[in-house]
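These notes are about the structure you will find just below.
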Amino acid sequence: MATTASPSLLVPLLFFARLSGLAVALLVLFWALAFKSSFLPSSLSQQDLIYSVLHPLLMVIGFILLSGEAILVHRWLPGSTGFKKLVHLSLQGVALASGIFGIWTKFQGKDGIVANFYSLHSWMGLICISLFGAQWLIGFLNFWHRGEVRRARINILPWHIFLGLYTYALAIATAETGLLEKLTFIQTKRNVSKHNTESMVVNSLGLGLALLSGFVILAAVSPKYQTLQTKLVYSQTRCLSS
């Protein structure tokens, strides 16, 4: 019997992924621009303030949002496989550059390198960007470079997908620890109320990142189409189990 294909949950998942991504971008922009004093005391130079504000902008918008969009390229972008690979590789390359530059901004602190890399957030960030760089290089050598044989690409593909999703999830977890670290500093060192506007913005940003990661990962592993036969089997299984 022939089977017909119908759209899966991919379309709504992509919609909610973009919606949550837009919300995350607006929240981090609002936080960085409206609460500049939370990033560095006013006694420090304007250059130090710029570096401090650039860090969350580059890591969230440039690294997390772009890498998430790169993950979804193969799920929605029309065109040939080679074209999709090019867009995927390019977006991941821009995300990697944003992540490296975002970490570089932390090296510009007045206290030096070691003073800015002591926390769980900083350690996770270094591990995440290292894995991301290795993943990009492996992807370039095995899926874009024409010298690799097809069998090698087939064997590496499951690991490439796993490492890509794992690194993306690690980036989200790293951002969450950074938000928690910053919020703790704001509430303790500056004696700011836990219910003030900035606390609500940071908490909302953390929630938005958690929702974003769920939509992106689910869309990445969700099939594009669901056959009628699959639906019938699922319905029969439910009937037998009830």
Side-chain angles (χ1 to χ4, degrees), residues 10 13-25 28-29 54-106 121-148 150 152-176 178 208-222 224:
L10 182 61
L13 285 175
L14 290 174
F15 171 78
F16 285 115
R18 267 58 177 278
L19 186 63
S20 55
L22 177 62
V24 165
V28 73
L29 279 170
L54 276 177
H55 180 72
L57 294 180
L58 287 168
M59 301 311 292
V60 173
I61 297 177
F63 186 56
I64 291 178
L65 293 187
L66 276 184
S67 62
E69 189 61 36
I71 289 173
L72 299 178
V73 160
H74 291 284
R75 312 302 294 154
W76 67 270
L77 187 66
S80 64
T81 302
F83 176 68
K84 294 179 181 180
K85 286 181 180 180
L86 176 61
V87 176
H88 175 79
L89 186 71
S90 300
L91 286 176
Q92 294 287 44
V94 175
L96 177 60
S98 298
I100 292 174
F101 186 55
I103 291 180
W104 177 83
T105 61
K106 302 304 292 182
H121 171 67
S122 61
W123 296 350
M124 289 176 67
L126 288 175
I127 294 172
C128 182
I129 203 69
S130 299
L131 284 175
F132 196 94
Q135 169 80 344
W136 188 90
L137 182 60
I138 292 172
F140 174 78
L141 293 176
N142 290 280
F143 298 102
W144 181 253
H145 189 263
R146 299 300 180 183
E148 270 309 320
R150 179 176 177 82
R153 293 199 297 267
I154 293 175
N155 291 334
I156 292 173
L157 181 59
W159 295 103
H160 180 73
I161 295 174
F162 164 75
L163 186 58
L165 294 178
Y166 173 78
T167 306
Y168 178 75
L170 182 62
I172 295 290
T174 303
E176 299 285 14
L209 286 169
L211 291 174
L212 172 66
S213 63
F215 289 130
V216 169
I217 293 174
L218 188 56
V221 300
S222 175
K224 283 187 177 182

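Here the shortest heavy-atom pairing between Gly208 and Val24 reads C-CG2, 3.5 Å. The shortest non-hydrogen separation linking Ile71 to Gly164 is CD1-O, 4.4 Å. Contact record, Leu10 with Ala219: CD1-O, 3.5 Å, taken as the closest heavy-atom pair. The minimum heavy-atom distance linking Val216 with Ala17 is given by the pair CG2-CB, 4.2 Å. Residues Val73 and Lys84 share a closest heavy-atom pair of CG1-O, 3.6 Å. Of all heavy-atom pairs spanning Pro56 and Val28, the tightest one is O-CG2, 3.9 Å.
Remark: Gln92 engages no residue in a side chain to side chain donor-acceptor pair (under 3.5 Å) (not counting sequence neighbours). Considering only residues two or more places apart in sequence or on other chains, His88 meets the ring pair (Phe, Tyr, Trp, His ring centres under 6.0 Å) condition with His74. Under the ring pair (Phe, Tyr, Trp, His ring centres under 6.0 Å) criterion, Trp159 pairs with no residue at all, not counting sequence neighbours. Leu131 meets the side-chain contact (heavy atoms from CB on, under 4.5 Å) test with Ile127, Leu163, Tyr166, Thr167, Leu170; sequence neighbours excluded. Residues passing the side-chain contact (heavy atoms from CB on, under 4.5 Å) test with Ala173 are Met124, sequence neighbours excluded. Residues passing the salt bridge (charged side-chain N to carboxylate O under 4.0 Å, His left out) test with Glu176, sequence neighbours excluded: none. Partners of Ser213 under the side-chain contact (heavy atoms from CB on, under 4.5 Å) rule, at least two apart in sequence or in another chain, are Tyr168, Ile172. Under the side-chain contact (heavy atoms from CB on, under 4.5 Å) criterion, Trp123 pairs with no residue, sequence neighbours left out. With sequence neighbours left out, the ring pair (Phe, Tyr, Trp, His ring centres under 6.0 Å) criterion links Phe15 to no other residue.
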List the steps, then state whether side-chain contact (heavy atoms from CB on, under 4.5 Å) holds for Phe83 with Leu77.
-> CA-CA 9 Å; Phe83 176 68; Leu77 187 66; 3.6 Å; yes
Could you tabulate the donor-acceptor pairs under 3.5 Å formed by side-chain atoms of residues 60-67, not counting sequence neighbours?
unit_1 : atom_1 : unit_2 : atom_2 : d
Ser67  : OG     : Phe63  : O      : 2.7
Ser67  : OG     : Ile64  : O      : 3.0

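Interatomic distance, CG of Leu14 versus CG of Leu218, reported as 10.0 Å (0.5 Å rounding). Here the CH2-CD1 distance, from Trp136 to Ile129, works out to 13.0 Å after rounding to the nearest 0.5 Å. Once rounded to the nearest 0.5 Å, the distance linking CH2 of Trp76 with CG of Leu13 reads 15.5 Å. Separation of atoms CZ (Phe215) and CG (Leu72) is listed at 12.0 Å; rounding is to 0.5 Å. Rounding to the nearest 0.5 Å gives a distance of 12.0 Å between CD1 of Ile161 and CD1 of Ile156.
A salt bridge (charged side-chain N to carboxylate O under 4.0 Å, His left out) check over residues 86-105, counting only residues at least two apart or in different chains, returns nothing. Within the structure, no pair that satisfies the salt bridge (charged side-chain N to carboxylate O under 4.0 Å, His left out) test touches residues 125-137, not counting sequence neighbours.
Side-chain contact between Met59 and Ile103 is present, with at least one heavy-atom pair separated by less than 4.5 Å.
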